Amino acid sequence: MAITRRNKLGKIATIGFFDGVHGGHRFLFEHLRKEGVQRGLDPLIVTFDTHPRAVLQSDYVPQLLTSLEERKALLSAFGEVKILPFADIQSLTAAEFMAQLKDEYDVQVLLMGYDHRFGSDRLQHPQDYRRIGESIGVEVLTMPEYTEGEWHVSSTEIRTALETGNVAVANELLGRPYSLCGTVVHGVGLGHTIGFPTANIKPLDPHKIIPRTGVYVASVNTPSMDNAPAFLYIGTNPTRNQSDVTSHPSEVFIEVHIPSFRGDLYGRTLEIRFMRLLREERRFNSLEELKAQIKADIDSTLRQV
C-alpha cells in the first residue's frame, strides 16, 4: 500500500533487524544522519516486527536483546522508523524490495552495514546491490566494520557475554546497561521468611535473553522510584530445593531485592538494569548461612552503585 508523503525531501535509508541497537548500529545511524544532512535527505530506519530467522525457520527460537517496543523506542532517536511485517516481504528479491523502498518511501540512497544481506535471492556481494540500485535509481553505500577496542561489536557477541555472565562487556558493547522488563508475581516467600523480601519477576517478552545464573548488582525502575539500587538473583534456588520435594530444580527464578523500597509491587511492571555479576550461584547448608551471604551481597551492592 502506498504511503502518503508529508515531506518533500527524499529518504536515505538503512535496513536491518538491529537487535540491541548497540554501538555498531549507532555507528551506522550516525553516518546515516551525516549523509542525510550532506545530501538533503531525511534518515529512515527500516526494521522488522519479527526476527527474520523466526519466519524462515519454524524451529528457530529467538534470544533477543531488545523487545519490539524497546527496539522501536531506541531506534526513534536516530530518525524515522518503519516496522515492516517480515512475513509479508520474505519472498521479495533484493531488487523487488529496493524498488518497494523507492516507490513507497522515496528512498534515494541506501546505506548498508558491512555484512548486511537481504532479499530472497541471497546476494552475497556489495557490488550486486550497487548494480541493482543503479538500475532503479537508488545509490547504495556500504559501511566499514565497526570495532570497539578488541571487541567485534555485534548482537551475537553481546548475547554470548550475557550468557556467560559478563555483563560489564555486554553493557560496554551496548553502550547502556542491559535491561529486562517483567511483571511482579507471587513466589514461595522465602525472601520474606529470612528478612529480605524479593520481587519475583516474570519477563514480559519470553524471547529476551536471561543472563546466566548468579547474583548481580542492578538498578530498578519501579512505579515510584527510578534507578533504585538492587540486589538481583537469577537461579534455581538450590538451598531451598535441597529440602523441598515439590520444587523443580531446573526452573529458573528471577528475584530482585530493593533495599530502599517498602510496599507492595505485585502486578506491577519493573525494569531491571544489569550492572555487573557479583558472584556465582551456590548452595548453602542452611537458611541462616544463606541469610548471612545475602546481607553481605546487599552491602556489596550498595557500595557499588
Side-chain angles (χ1 to χ4, degrees), residues 14-34 43 45-48 50-54 60-79 81 111-118 142-182 203-221 227 229-230 232 234 254 256 271-280 301 304-305:
T14 191
I15 308 164
F17 188 65
F18 303 123
D19 186 26
V21 192
H22 53 61
H25 296 144
R26 293 194 299 276
F27 175 68
L28 176 68
F29 302 148
E30 183 60 25
H31 278 267
L32 186 76
R33 184 193 66 79
K34 289 180 179 178
I45 300 171
V46 179
T47 190
F48 312 112
T50 306
H51 195 291
R53 281 185 63 188
Y60 177 72
V61 179
Q63 293 290 292
L64 301 178
L65 300 170
T66 42
S67 67
L68 176 60
E69 289 304 313
E70 289 169 337
R71 191 157 42 94
K72 181 180 179 181
L74 290 166
L75 291 174
S76 295
F78 301 99
V81 179
L111 184 62
M112 295 181 60
Y114 81 99
D115 63 348
H116 186 228
R117 307 289 182 266
F118 63 86
T142 304
M143 288 292 297
E145 180 181 5
Y146 176 75
T147 58
E148 193 166 300
E150 63 183 80
W151 297 99
H152 166 70
V153 183
S154 70
S155 300
T156 299
E157 197 75 56
I158 297 167
R159 291 187 195 102
T160 299
L162 292 173
E163 289 165 355
T164 57
N166 203 339
V167 171
V169 167
N171 290 350
E172 181 180 352
L173 300 183
L174 281 169
R176 65 182 185 281
Y178 178 69
S179 65
L180 185 68
C181 290
L204 294 182
D205 189 333
H207 296 305
K208 281 208 66 171
I209 289 179
I210 309 287
R212 63 160 291 180
T213 58
V215 175
Y216 292 85
V217 177
S219 66
V220 175
N221 286 343
N227 292 319
L232 176 68
I234 298 175
I254 305 172
V256 60
E271 180 190 19
I272 301 168
R273 295 176 179 173
F274 290 74
M275 309 305 292
R276 62 188 61 84
L277 180 66
L278 188 60
R279 65 172 173 84
E280 296 186 0
T301 296
Q304 295 186 47
V305 294

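Everything quoted here is computed from the prediction, not taken from an experiment.
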request  = Using the side-chain hydrogen bond (donor to acceptor under 3.5 Å, both in side chains) rule, take N227 and R273 through it: C-alpha gap first, then chi angles, then the decisive distance, then the call.
outcome  = CA-CA 8 Å; N227 292 319; R273 295 176 179 173; 2.8 Å; yes
Do Y178 side-chain atoms and I209 backbone N/O form a donor-acceptor pair below 3.5 Å?
yes
**Geometric cation-pi criterion R53 and F17, 6.0 Å radius, 45° cone** = no
task = Check the angle between the aromatic planes of F18 and F29 and answer parallel, tilted or perpendicular using the 30° and 60° thresholds.
result = perpendicular
- May I ask you to decide whether E69 forms a salt bridge with K72, counting only side-chain N to carboxylate O separations under 4.0 Å? no
key: E280 atom CD, neighbour heavy-atom count above 12 within 6.0 Å   = no
Set out, in order, the CA-CA distance, both residues' side-chain angles and the distance that settles side-chain contact (heavy atoms from CB on, under 4.5 Å) for V217 and V167, then state yes or no. CA-CA 10 Å; V217 177; V167 171; over 6 Å; no
Notebook entry, point to check: Considering only heavy atoms from C-beta outward, does the side chain of E70 approach that of K208 to under 4.5 Å?
Noted result: yes
Check your understanding: Any side-chain heavy atom of T14 within less than 4.5 Å of one from M143?
Key -> no
| message | For a 4.5 angstrom cut-off between non-hydrogen side-chain atoms, does V169 reach E157? | response | no
Heavy-atom closest pair (A230 atom, V220 atom, distance to 0.1 Å) is CB-CG2, 3.5 Å
Minimal heavy-atom distance between L162 and A170, with the atoms involved, is CD2-CB, 3.6 Å
Heavy atoms of A218 and I272 approach each other most closely as CB-CG2, 4.1 Å
Note to self: Show, in sequence, the C-alpha distance, side-chain angles and deciding distance for R212 and I234, and conclude whether the side-chain contact (heavy atoms from CB on, under 4.5 Å) test is met.
What the structure shows: CA-CA 7 Å; R212 63 160 291 180; I234 298 175; over 6 Å; no
Residue pair Y216 / L278, side-chain heavy-atom distance below 4.5 Å: no
Review point. Does the pair L173 and H22 meet the rule for a side-chain contact (heavy atoms from CB on, under 4.5 Å), with working shown?
Key: CA-CA 6 Å; L173 300 183; H22 53 61; 5.6 Å; no
Margin query: Checking I254 against L232 for the side-chain contact (heavy atoms from CB on, under 4.5 Å) test, could you report, in this order, the C-alpha distance in whole Å, the side-chain angles of both residues, the deciding distance, and whether it holds?
Written below: CA-CA 7 Å; I254 305 172; L232 176 68; 3.9 Å; yes
* To do: For the residue pair F118 and M112, establish whether any side-chain heavy-atom pair is separated by less than 4.5 Å.
  => yes
Only one of Q63, R159, R71, H25 passes side chain to side chain donor-acceptor pair (under 3.5 Å) with D19, and that residue is R159
Return yes if some donor-acceptor pair links the side-chain N/O of T47 with the main-chain N/O of G16 below 3.5 Å, else return no.
yes
Margin query: Taking the side chain as everything from C-beta on, heavy atoms only, tell me whether F78 gets closer than 4.5 Å to V21.
Written below: yes
Original post:
Backbone N or O of T66 within a donor-acceptor pair of the D205 side chain at under 3.5 Å?
Top reply: no
